[in-house]
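Below you'll find the structure, written out as structure tokens, and then a few comments.
Chain identifiers are assigned alphabetically (A, B, ...) following the order of the sequence lines, protein sequences preceding nucleic acid strands; residue numbering begins at 1 within each chain.
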Amino acid sequence: MKAHTVYKTFNTTERREFVRITEDVQAAVDESGIAEGMALVSAMHITAGVWVNDDEPGLQEDVLEWLDKLTPPSWMRSSTQLSEALRPNPGDFRHHRGGQDNGDAHLKNLLVHHQAIVPVTDGRLDLGPWQAIFYCEFDGQRDKRLIIKVLGA
Amino acid sequence: MKAHTVYKTFNTTERREFVRITEDVQAAVDESGIAEGMALVSAMHITAGVWVNDDEPGLQEDVLEWLDKLTPPSWMRSSTQLSEALRPNPGDFRHHRGGQDNGDAHLKNLLVHHQAIVPVTDGRLDLGPWQAIFYCEFDGQRDKRLIIKVLGA
Amino acid sequence: MKAHTVYKTFNTTERREFVRITEDVQAAVDESGIAEGMALVSAMHITAGVWVNDDEPGLQEDVLEWLDKLTPPSWMRSSTQLSEALRPNPGDFRHHRGGQDNGDAHLKNLLVHHQAIVPVTDGRLDLGPWQAIFYCEFDGQRDKRLIIKVLGA
């Protein structure tokens, strides 16, 4: 069994960003020399996620708008009564007592999930025709790390 | 290390369907000859999911009703004000500008997640007594693929 | 390739609880003798989850409050109209026809996800500085099992 590990650091311009990383994951597979196996792609932070979906900017705008309704940031006015109702009862996140303002990003991490496992067949990421891999930053503008670990033979 | 890959194609009668695939995944494990390892079960589409839960039709109805409230389809009237509030602000999904009508299915894919990893012990899927594996179709009635990849020894 | 499997049983005092298991997973890695690989951490029940996030009690309270709004328990009065709207249309979960009252815990399992895969590098869980692993009980006070399966070399 072979294993190959790559760490990527992201420092996004925007607070929230979807960064396409399909090619980075394929590059890690190429370096590994693994033909059959799996690539684990996992954010090493608790306010970011990894999402496998369509590389379509409209969809990403839809997703962020919808996530903001379900997990309203404390630094943003809610657009709907719904989002008001979803705010924590004490008025702000208990998590913010330590001086943070990223409680919503923890919830986005929960919904999106912080990792994905991509099958590797014949040395290639075995994805469907529309599947792309994204690092989803929900509290960026500072260095954050991602691990890519390829296992196989 | 051994690896064994199986592709399944689904073409569901209904637009949305939960298809039990526990036995298909076990069959892939049997064919692989792997005693100790993991089976990655991953939808190759961006509007389908894989869910490990109870094989109970009432629960599946509950889940679909609840998902439709949280991720309201544009082709369905909302049953609640909540779902109206969760619709995208431009009135319809930006993603639909390309002629699609399956934006909600992308969000369902995000919530349900498109994959699961099942442990394999002694040549058997090492699931709890109530755990069954489902392919969750959210935009069907056409050919869609799933990959089952078993890795181990 | 080596494989090592550990089962843990939880019987929580509270109906819902977050139990830190980072050290249990590391212990399983130590016992395995595996230096490079992955640890699959997976609830064997359909009303529990595994979550990788911050070990911060305020955040866990935030998460449980928010989950209860999105997936309102039938045994709890809703604090918001939102949660009323998210209740199943027949008034109660169809799943409860069999005498259960844990429908909401199935939905929490869906949102939190029942498993996580942790990379193992140099014999250590390769987690970011704030990442801890939690078993998330949503219907406890009885024996429930978790599987930790370490694979690698």
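Considering CG of A:L59 and CG of B:N102, their distance stands at 9.0 Å, rounded to 0.5 Å. Here CD1 of A:I34 is found 8.0 Å from CE of B:M1. Values are rounded to the nearest 0.5 Å.
Ranked by heavy-atom pairs shorter than 4.5 Å toward chain B, the options A:T80, A:L70, A:N53 are led by A:N53. Most heavy-atom pairs under 4.5 Å with chain A: of the set B:L107, B:I147, B:L82, B:L111, this distinction falls to B:L107. When each of A:L151, A:L67, A:L127, A:D126 is checked for heavy-atom pairs under 4.5 Å with chain B, A:D126 comes out on top. Between chain B and the residues A:D62, A:V52, A:V112, the most heavy-atom pairs under 4.5 angstrom are made by A:D62. For chain B, the option among A:Q81, A:E65, A:H113, A:Q60 with the highest count of heavy-atom pairs below 4.5 Å is A:E65.
Remark: side-chain polar atoms of B:Q115 are paired, donor with acceptor, to backbone N or O of A:I117 under 3.5 angstrom.
With a 6.0 Å radius and a threshold of 12 heavy atoms from other residues, nucleotides or ligands, A:N11 has its CG atom above the threshold. Other residues, nucleotides and ligands contribute more than 12 heavy atoms inside 6.0 Å of the CG atom of B:D143. Within 6.0 Å of the CZ atom in B:R77, the count of heavy atoms belonging to other residues, nucleotides or ligands does not exceed 12.
Classification of B:R94 and A:E56 as a salt-bridged pair fails, no side-chain N sitting under 4.0 Å from a carboxylate O.
Annotation: side chain of A:W66 is in contact with side chain of B:T71 (closest heavy-atom distance under 4.5 Å). Taking the side chain as every heavy atom from C-beta outward, A:W51 and B:N109 approach each other to under 4.5 Å. The shortest distance between side-chain heavy atoms of B:L110 and A:V63 falls below 4.5 Å. Looking only at side-chain heavy atoms (C-beta outward), B:T47 and A:W130 stay at 4.5 Å or farther from each other.
With a 4.5 angstrom heavy-atom cutoff, B:A43 touches chain A only via backbone atoms. Of the two parts of A:T121, the backbone and the side chain both hold a non-hydrogen atom closer than 4.5 Å to a non-hydrogen atom of chain B. For A:A85, no part lies near chain B; criterion is any non-hydrogen pair under 4.5 Å.
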Does B:L40 form a side chain to side chain contact (heavy atoms under 4.5 Å, CB included) with A:V118? I'd like the steps, not just the answer. CA-CA 9 Å; B:L40 169 61; A:V118 187; over 6 Å; no
| task | Using the side chain to side chain contact (heavy atoms under 4.5 Å, CB included) rule, take B:K149 and A:V120 through it: C-alpha gap first, then chi angles, then the decisive distance, then the call. | result | CA-CA 9 Å; B:K149 185 140 203 148; A:V120 175; 5.7 Å; no
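Looking at residues two or more places apart in sequence or on another chain, you find a ring-ring contact (aromatic ring centres under 6.0 Å, His included) between A:H95 and A:H106.
Residues A:Q131 and B:I46 come closest through the heavy atom pair CG-CG2, 3.8 Å.
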